[in-house]
There are 2 protein chains.
Amino acid sequence: MDATLPDAMPVPHPRRDSADAHADAPAYDLIELFFFAYRDFVSDPDRILSEYNFGRAHHRVLHFVSRQPGLTIAELLDILRITKQSLNRVLKELIETGFIESRTGTADRRQRHLHATTQGHHLARKLADLQTGRITQSLASIDPKAKEAISAYLLGLIDPDDRAHVQRLVFGRRET
Amino acid sequence: MDATLPDAMPVPHPRRDSADAHADAPAYDLIELFFFAYRDFVSDPDRILSEYNFGRAHHRVLHFVSRQPGLTIAELLDILRITKQSLNRVLKELIETGFIESRTGTADRRQRHLHATTQGHHLARKLADLQTGRITQSLASIDPKAKEAISAYLLGLIDPDDRAHVQRLVFGRRET
DNA sequence: GAGATATGTCAATAAGGCTGACTTAAAAGC
DNA sequence: GCTTTTAAGTCAGCCTTATTGACATATCTC
């Protein structure tokens with residue numbers, strides 16, 4: 001690629017201060033691939049969800065509730081980073097249509113512990129399977145060892161102060 | 001790990017047909033990491049954009065126009081996968097505020113060729129630099145060889161019929 | 001009992017998508 | 001040259017998902 005570069009070309013030495021990242025050429029490839037990949041990654045679930053008159057917001061709620069039975073409202077808000085009012089609309093719909101169940105806490109009766117119903121788990125799984133299919137297909141074409149690197153990369157894109165939280169969420173199962 | 005899995009979940013034996021990916025356990029880790037990574041990846045640009053009263057839609061338009069000077073409306077619609085009407089609203093604002101310029105085609109006078117102004121290129125670059133910073137930070141913590149694997153993975157997530165198109169867009173420069 | 005906390009709800013607003021219908025200008029086809 | 005197709009622009013109305021702000025209720029903590 002750099003075959004035509006004359007040897008003597010003064011190349012400003014790359015500093016890896018990690019703070020002045022904008023000294024580097026923009027990583028257009030990874031920026032754009034991320035955009036296109038995300039666009040298609042959510043497209044399969046979108047199709048299924050529209051059959052139920054649900055949107056992406058419903059998917060996110062159902063996903064995390066299904067994954068973490070007993071999740072409280074506050075915890076869910078913290079994961080999704082949306083307001084109580086935004087959550088409430090979609091959550092209400094998911095409860096009314098029987099995909100999620102809200103149970104009053106026993107230790108703290110102010111809390112609501114959310115659980116997916118059988119129907120809810122089923123839909124969540126169906127959507128996860130679709131996305132897993134896409135992931136599996138993609139992983140199949142590359143070095144199987146790369147999976148850890150990909151996880152590490154994605155984790156590294158997350159805000160540092162949230163990284164531990166996400167790590168617990170994704171890799172550890174809940175104890176609360 | 002599966003201790004909390006809903007009871008009714010049948011576990012079919014894993015076949016490696018690559019077609020029926022949903023025989024596999026869901027790739028919850030990559031699914032969730034992708035969600036959290038994307039959430040934070042767009043957060044830095046969002047902050048800057050709001051200073052200009054722009055949103056993500058403006059960012060996407062500005063980005064691709066800046067990257068591919070002379071892009072036509074039809075080509076842009078194909079990249080973004082939104083309707084003409086949706087594009088028009090944000091594009092109009094970007095033109096009115098002097099970030100993008102629309103030039104009537106010479107060969108085909110029906111077409112509009114879009115170009116970022118100096119101001120437009122500047123903002124696009126600023127936003128790309130922010131995202132590049134995040135990417136660089138993340139890449140710094142992993143095997144430098146992994147970058148190719150990550151690109152390949154993201155490319156693999158894209159719809160097969162679009163993959164060549166995206167590849168041209170991302171890795172090749174335009175000749176039109 | 002006072003105050004803090006977890007949740008729920010009303011109302012108004014905004015961004016960014018969508019569909020459908022229609023116009024204008026210009027190119028292409030015959 | 002006339003017709004059809006294509007590229008772009010526009011009007012109107014609607015939906016989803018988010019926001020802010022204000023306030024209500026039940027329950028826990030001190």
Side-chain angles (χ1 to χ4, degrees), chain A residues 35 38-39 42-43 45-63 65 70-97 100-115 176, chain B residues 35 38-39 42-43 45-63 65 70-97 100-115 176:
Chain A
F35 164 72
Y38 194 81
R39 184 193 67 178
V42 295
S43 69
D46 278 355
R47 275 189 289 278
I48 305 294
L49 289 159
S50 69
E51 295 170 17
Y52 296 83
N53 287 312
F54 289 156
R56 268 177 219 177
H58 301 83
H59 184 192
R60 292 195 283 263
V61 171
L62 180 61
H63 174 94
V65 169
L71 205 61
T72 66
I73 303 289
E75 289 169 327
L76 192 47
L77 288 176
D78 193 47
I79 289 172
L80 300 176
R81 297 252 193 95
I82 57 174
T83 57
K84 197 174 38 165
Q85 296 89 327
S86 294
L87 172 59
N88 210 255
R89 181 179 33 82
V90 296
L91 183 55
K92 204 192 283 183
E93 289 170 3
L94 284 164
I95 291 172
E96 281 167 0
T97 49
I100 287 181
E101 206 177 284
S102 173
R103 305 182 195 155
T104 298
T106 48
D108 186 337
R109 293 180 41 81
R110 289 173 304 179
Q111 295 185 329
R112 300 290 176 271
H113 293 280
L114 304 171
H115 296 261
T176 311
Chain B
F35 164 73
Y38 194 82
R39 183 191 68 178
V42 296
S43 69
D46 278 354
R47 274 188 290 277
I48 304 293
L49 289 159
S50 68
E51 295 171 15
Y52 297 82
N53 286 312
F54 289 156
R56 266 175 222 178
H58 300 86
H59 184 194
R60 292 194 282 264
V61 170
L62 180 61
H63 175 94
V65 169
L71 206 61
T72 66
I73 302 289
E75 289 168 327
L76 191 46
L77 288 176
D78 194 46
I79 289 171
L80 300 176
R81 300 253 192 93
I82 56 174
T83 60
K84 196 173 37 166
Q85 296 90 324
S86 294
L87 171 59
N88 211 256
R89 181 169 28 80
V90 296
L91 182 55
K92 205 190 282 182
E93 290 170 2
L94 284 165
I95 290 172
E96 281 168 359
T97 49
I100 288 182
E101 206 178 283
S102 172
R103 304 181 194 156
T104 298
T106 48
D108 186 336
R109 294 180 40 81
R110 289 173 304 180
Q111 294 183 330
R112 301 290 177 268
H113 294 280
L114 304 172
H115 296 262
T176 312

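Note on naming: letters A, B, ... go to the chains in the order of the sequence lines (proteins, then strands), and numbering restarts at 1 for each one.
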J.: Side-chain contact, heavy-atom cut-off 4.5 Å: A:N53 with A:T97?
T.: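 SC-SC contact between A:N53 and A:T97 ruled out.
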J.: Roughly, in whole Å, what's the span from NE2 in A:H59 to C1' in D:dA18?
T.: 19 Å
J.: Write down the atom of A:I79, the atom of B:F35, and the distance for their closest heavy-atom approach.
T.: O-CE2, 4.3 Å
J.: Could you state the CG-P distance from A:L62 to D:dT17, rounded to the nearest angstrom?
T.: 13 Å
J.: What is the distance, rounded to the nearest whole Å, between atom CG of B:L80 and atom P of C:dC18?
T.: 10 Å
J.: Any side-chain N or O of A:R60 less than 4.0 Å from the OP1 or OP2 oxygen of D:dA18?
T.: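 The answer is yes; a side-chain N or O of A:R60 sits under 4.0 Å from OP1 or OP2.
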J.: Find the distance B:L71:CG to D:dA7:P and express it as a whole number of Å.
T.: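 The answer, rounded to whole Å, is 14 Å.
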J.: What's the closest nucleotide to the A:A74 side chain, out of D:dT17, C:dT7, D:dA8?
T.: C:dT7
J.: For B:I100 and D:dA8, give me the distance from atom CD1 to atom P, rounded to whole Å.
T.: 14 Å
J.: On the nucleotide D:dT19, are OP1 or OP2 found under 4.0 Å from the side-chain N or O atoms that A:T83 carries?
T.: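 The answer is yes; a side-chain N or O of A:T83 sits under 4.0 Å from OP1 or OP2.
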J.: Compute the bend angle of the helix from C:dG1-D:dC30 to C:dC30-D:dG1 from the end axes (five pairs per end), rounded to 10°.
T.: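 For the helix from C:dG1-D:dC30 to C:dC30-D:dG1, the axes at either end differ by 30°.
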J.: Could you check B:D108 against A:F54 and say which one's nearest nucleotide on DNA chain D is further toward the 5' end?
T.: B:D108
J.: Pull out every protein N or O sitting under 3.5 Å from an N or O of nucleotides 20-25 of chain C, one pair per line with the distance.
T.:
residue: C:dG20; atom: O6; partner: B:Q85; partner atom: NE2; Å: 2.6

J.: Checking A:T72 side chain against A:E75 main chain: does a donor-acceptor pair fall under 3.5 Å?
T.: yes
J.: Name the one of A:L87, A:L71, A:L114, A:I82 that satisfies side chain to side chain contact (heavy atoms under 4.5 Å, CB included) with A:V61?
T.: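 Result: among A:L87, A:L71, A:L114, A:I82, A:L87 is the only option passing the side chain to side chain contact (heavy atoms under 4.5 Å, CB included) with A:V61.
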J.: Could you check A:L76 against A:L80 for side chain to side chain contact (heavy atoms under 4.5 Å, CB included), going step by step and ending with a plain yes or no?
T.: CA-CA 6 Å; A:L76 192 47; A:L80 300 176; 3.9 Å; yes
J.: Quick one: do B:E101 and B:R103 satisfy side chain to side chain contact (heavy atoms under 4.5 Å, CB included)? Show the steps, please.
T.: CA-CA 6 Å; B:E101 206 178 283; B:R103 304 181 194 156; 3.0 Å; yes
J.: Among A:K92, A:K84, A:Q85, which residue meets the side chain to side chain contact (heavy atoms under 4.5 Å, CB included) test with A:N88?
T.: A:K92
J.: Whether B:H58 contacts C:dA15 is assessed here as follows: a side-chain N or O lying under 4.0 Å from the phosphate OP1 or OP2. Is that the case?
T.: no
J.: Considering all heavy atoms of both residues, which atom of B:G55 and which atom of B:H58 are nearest to each other, and what is their separation?
T.: N-ND1, 2.8 Å
J.: Out of D:dC28, C:dG17, D:dT19, which nucleotide sits closest to the side chain of A:I82?
T.: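 Of the options given, the side chain of A:I82 lies nearest D:dT19.
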J.: Indicate the atoms forming the closest heavy-atom contact of B:R109 with B:T104, along with that distance.
T.: O-CG2, 3.3 Å
J.: In whole Å, I'd like the distance from the CD atom of A:Q111 to the C1' atom of D:dT29.
T.: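 It is 14 Å, rounded to the nearest whole Å.
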J.: Could you check whether any side-chain heavy atom of B:L94 comes within less than 4.5 Å of a side-chain heavy atom of B:F54, counting everything from C-beta outward?
T.: yes
J.: Can you list, in residue-number order, the parts of residues 86-97 of chain B that come under 4.0 Å of DNA chain C, counting heavy atoms only?
T.: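 Per residue number, the list reads B:S86, B:R89.
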J.: Whole angstroms only, please: what is the CZ-P distance between B:R39 and D:dT17?
T.: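 The answer, rounded to whole Å, is 18 Å.
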J.: Starting at CD1 of A:I73 and ending at P of C:dT7, how long is that distance when rounded to a whole Å?
T.: 6 Å
J.: Side chains of B:H113 and B:Q111: does their closest heavy-atom pair fall under 4.5 Å?
T.: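 Heavy-atom side-chain distance check passes, below 4.5 Å.
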J.: Does D:dA18 have OP1 or OP2 under 4.0 Å away from a side-chain N or O of A:R56?
T.: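 Looking at the OP1 and OP2 atoms of D:dA18, neither is under 4.0 Å from any side-chain N or O of A:R56.
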J.: For B:D46 and B:L49: C-alpha separation, side-chain torsions, deciding distance, then whether side chain to side chain contact (heavy atoms under 4.5 Å, CB included) applies.
T.: CA-CA 5 Å; B:D46 278 354; B:L49 289 159; 4.3 Å; yes
